[in-house]
Amino acid sequence: MMHNRAEAHINLQAITRNVELLKKKSGTDLLAVVKADAYGHGLVEVSKTALLAGADWLGVALLEEAITLRKAGITAPILAWLVPPGSDFQSAVTNNIDIAVSSIAAFKEIALVKGSARIHIEVDTGMTRGGFLDEWHEFLQSDFSTVEVIGFFSHFARADEPGEQQNRDQFKRFKEMLAELEAVGIHPPIKHLSNSAATLADHSSALSMVRTGIAMYGLTPETQMGSSKSFGLIPAMTLRAMLHLVKSVVAGSPVGYGATEKTTRDTHLGVIAMGYADGIPRIARNAGVTFNGERAPIIGRISMDQFVVDLGPNSLAKSGDWVTIFGDDGFTADDWASASGSVNYEIVTRIGPRVPRIYDHG
Ligand SMILES: *Cc1c(COP(=O)(O)O)cnc(C)c1O
């Protein structure tokens, strides 16, 4: 019996399969990227599943995320890469959490922490976001004697466009900067650059470890590269919701705020108790839900907690029935992404905390 109004079902077996596939593809160590509550799939459950499936490392953005994993009893190596100056670096060391370093200001604090901090040096090879760029040569003069340099890494900006010259330029710059680091006597054992797209498209940049996020959740980094199915990936999240209310309406009924759409025929409408507060994009057009394999498109504006779908004149759906918003049948997270000018990453990550995650162990 389901008592919720909406549920995100997480197929942990799919995560296992995807990790196995990505590990096989890379032929290297695999860092499972579980930032942002494992892209909305649930930080701790996904992390445990990924490790059991063969992931070697976990990667998060925030130090707090890493500490949550340690508190859950996870002992695998963890890298946190958005740890700014002023962070509690001591607790990183105490909890045996590796930290990415991309500024001299942060490094100076880390170098003073009791016990040797484990660091991964992040360099900007052309994305012009994270990593050392202007401070690089000054950083190379640092005293590294109080830290342990475990890793050296960067991030691709356009790995989802494998033919782009920028990928080759970034890889070349990566090797140059690594050589500069080695020239001052620092030899990090783990070098990593590839995200999901690079892991799927271009094995040559796998180095000693890949950092895979979206593909582990069974989603393609870019639909132009290929669908989940074409890569053999299994989407892990299925978002289901209850038809809070089903009603018959006449043709010409204006639906929702602003009366932006009217029914074009006598029909059945379904009200779904999820809205933009739950991560359903307000801007979405041309997406919808499925009931018994039948597609029902969104009609009218998405509200904060509700939206309306046109079930059609012959629908047998009734109040209290369940529909699929995206997942294992009907619409996909990719459909919702293209319906809202976004990417599947944002669709799954923004499913809000009011929606319980239900773990299917398969
Ligand atoms: C999010 C992130 C990843 C994972 O990217 P995907 O495209 O989801 O595989 C890898 N590395 C870093 C530094 C990231 O921030």
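Counting convention: from 1, in listed order, for ligands and their atoms alike. Note that this is a predicted model, so its numbers are computed, not measured.
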- Contacts of Ser205 that satisfy side chain to side chain contact (heavy atoms under 4.5 Å, CB included) - sequence neighbours left out: Phe156, Phe171, Leu193, Ser194, Ala198, Asp202

- Task: Quick one: name the residues clustered hydrophobically with Tyr276, using the 4.5 Å side-chain heavy-atom rule over I, L, V, M, F, W, Y, and just say none if it's on its own.
- Result: Met304

- Can you tell me how far the NE2 atom of His155 sits from the OG1 atom of Thr125, to the nearest 0.5 Å? 10.0 Å

- Atom CZ of Arg17: over 12 foreign heavy atoms under 6.0 Å: no

- Item | Pair Asp334-Thr332, side-chain donor/acceptor within less than 3.5 Å | no

- Note on the structure: The complete set of side chain to side chain donor-acceptor pair (under 3.5 Å) pairs with one or both residues in residues 70-79, sequence neighbours excluded, reads none

- Query: At a 4.0 angstrom heavy-atom cut-off, what protein residues surround ligand 1?
  - Reply: Val33, Lys35, Tyr39, Trp81, His155, Asn195, Ser196, Arg211, Thr212, Gly213, Ile214, Tyr345

